[in-house]
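Presented below is the structure to which this report refers.
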Amino acid sequence: LIETSHAGNVGAAARAVKTMGFDDLVLVRPRWSNVLRKEETIQRASGALDVLANCRIVETVEEALEGISHLCATAMTPRDFGPPARTPRAHFEMLLKGELIPAQDGREQPVLPATNGVREPMADLSGETGIAFLFGCERYGMANEDVYRCHVALSIPTNPDFGSLNLASAVQVVAYDWRQALGGYAVEDAAVHGERADAQQVAGMLAHWQQALVEVGFLDPDAPKKLMPRLNQMFNRAQLTEEEIHILRGVAKAMLRTAE
């Protein structure tokens, strides 16, 4: 984060980084030298205190990028003579597939298929020593000279009429897309689904419902039309569990009591 002016954004960025499984955060010339100890920073970090503890504060971008070989700027507005602008997802996909090769100016360019259908040799990205994402200050964004040093300018697709993202929100989006590109995290289904009801249980419940619907006057046994087959199809689509069969039978039982 370059010249961050709001302490809360530092804390929120630390939280965003940690939620995606990363922990390397560097501040370049923040407004407050003690920003990591400010109460607003700590509160907005919401528990990501280890990221704040590991965070480095440096004076220059060069210091922040020591040991890093692939630089990603974040900029809404493309710069003349600057690096190519891509969405984070598009660039990450190309990067991980090895679809980037160094151009003469040192920036990465896409590998295009040859006219005979044979691809040119892909760049070996296994030699990358690190990847950095640079974010400018809240008011002005990134300085041109910092964008020019990067291999790509990442641009988050937003509403054309209102594309202003909070700094920490932008960090969250880029961190999410990078984590997804690396494989993401599995989503755990905590819902208790229960055992699926078998055909005999569904048929028994439908018979119970047919009796109840007749008793309450909703179903005319002399002119049933297609009501029961339609209910049968509806319950089949619902893929009822045994517990849900018990609930529906309880409804049918209550209708029968009401009709007495």
Side-chain angles (χ1 to χ4, degrees), residues 12-24 44-51 86-99 122 125-126 131 133 154 156-159 165-166 168-260:
R15 178 182 184 180
V17 166
K18 182 168 183 176
T19 59
M20 293 298 110
F22 306 115
D23 58 10
D24 192 2
R44 292 290 301 278
S46 191
L49 301 182
D50 53 337
V51 177
R86 300 190 188 102
T87 66
R89 293 184 187 182
H91 183 70
F92 297 159
E93 182 179 0
M94 295 173 69
L95 181 65
L96 294 176
K97 286 183 177 179
E99 295 178 345
M122 291 183 181
L125 295 181
S126 61
I131 297 176
F133 305 102
L154 300 180
I156 298 171
T158 55
N159 180 353
L165 274 175
N166 169 268
S169 297
V171 172
Q172 184 73 80
V173 172
V174 172
Y176 171 79
D177 278 348
W178 182 229
R179 173 53 63 192
Q180 289 298 103
L182 295 176
Y185 290 121
V187 175
E188 296 183 6
D189 186 1
V192 179
H193 298 289
E195 293 293 327
R196 282 277 304 277
D198 60 28
Q200 184 177 10
Q201 291 171 319
V202 174
M205 179 272 297
L206 281 169
H208 199 172
W209 265 64
Q210 182 173 1
Q211 179 187 2
L213 292 172
V214 169
E215 290 299 322
V216 298
F218 187 82
L219 174 63
D220 183 353
D222 296 325
K225 299 183 180 180
K226 300 293 183 180
L227 177 60
M228 295 313 299
R230 287 175 175 170
L231 287 177
N232 199 157
Q233 288 302 307
M234 181 180 72
F235 288 132
N236 283 345
R237 288 194 299 271
Q239 299 183 352
L240 299 172
T241 65
E242 293 180 351
E243 180 64 27
E244 290 165 343
I245 289 290
H246 294 324
I247 293 172
L248 290 170
R249 277 187 171 274
V251 173
K253 186 176 180 179
M255 287 192 290
L256 288 170
R257 281 201 304 267
T258 300
E260 290 178 356

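Basis for what follows: all heavy atoms, side chains included, without hydrogens, waters or symmetry-related copies. Index from 1, following the sequence. Everything numeric in this text was worked out from a predicted model, so none of it was measured.
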Separation between CD of Glu242 and CG of Asp198, rounded to the nearest 0.5 Å: 7.0 Å
Value rounded to 0.5 Å, distance of CZ in Phe133 from CZ in Phe22: 7.0 Å
Test side-chain hydrogen bond (donor to acceptor under 3.5 Å, both in side chains) applied to Arg196 - qualifying residues, sequence neighbours left out: none
Nearest non-hydrogen partners of Ala16 and Thr19, listed with the distance: O-OG1, 2.8 Å
With sequence neighbours excluded, residues passing salt bridge (Lys or Arg N to Asp or Glu O under 4.0 Å) with Asp220: none
Which atom of Ala45 lies closest to which atom of Arg15, heavy atoms considered: O-CB, 3.4 Å
OH/Tyr176: more than 12 non-hydrogen atoms of other groups inside 6.0 Å: no
CD1 on Ile156 to CZ on Arg89, rounded to 0.5 Å: 10.5 Å
By side-chain contact (heavy atoms from CB on, under 4.5 Å) - contacts of Val51 (at least two apart): Ala14, Lys18, Asp23, Leu25, Ala48
Exam field: side chain Gln233 to backbone Arg230, donor-acceptor pair closer than 3.5 Å: no
Atom OH of Tyr185: over 12 foreign heavy atoms under 6.0 Å: yes
Nearest atoms (heavy-atom pairs only) where Leu219 meets Pro224: CD1-CA, 3.8 Å
Minimum heavy-atom distance between Ala168 and Ala13, given as atom pair plus value: CB-N, 3.9 Å
Side-chain donor-acceptor pairs under 3.5 Å in residues 244-260, sequence neighbours left out?
unit_1	atom_1	unit_2	atom_2	d
Glu244	OE1	Thr241	N	2.8
Glu244	OE1	Thr241	OG1	3.4
Arg249	NH1	His208	ND1	3.1
Arg249	NH2	Gly204	O	3.1
Thr258	OG1	Ala254	O	2.9

Straight-line distance of Gln172 CD to Asp177 CG, nearest 0.5 Å: 10.5 Å
side-chain hydrogen bond (donor to acceptor under 3.5 Å, both in side chains) involving Asp24 - partner list, sequence neighbours excluded: none
Steps toward side-chain contact (heavy atoms from CB on, under 4.5 Å) verdict (Leu95, Ile131): CA-CA 11 Å; Leu95 181 65; Ile131 297 176; 3.5 Å; yes
Set of side-chain contact (heavy atoms from CB on, under 4.5 Å) partners for Ser169, sequence neighbours left out: Leu165, Asn166
Smallest separation among heavy atoms of Leu154 and Pro88, with atom names: CD2-CA, 4.0 Å
Pairing residues for Gln210 by the side-chain hydrogen bond (donor to acceptor under 3.5 Å, both in side chains) criterion, not counting sequence neighbours: none
Sequence-distant partners of Ala181, side-chain contact (heavy atoms from CB on, under 4.5 Å), two or more places apart: Phe92, Leu96, Trp178
Contacts of type side-chain contact (heavy atoms from CB on, under 4.5 Å), residue Leu49, not counting sequence neighbours: Ile42, Leu52
Exercise: identify the closest heavy-atom pair between Lys226 and Pro229: O-CD, 3.3 Å
For Arg179, salt bridge (Lys or Arg N to Asp or Glu O under 4.0 Å) partners two or more places apart: none
With Glu93 via side-chain hydrogen bond (donor to acceptor under 3.5 Å, both in side chains) - residues at least two apart: Lys97
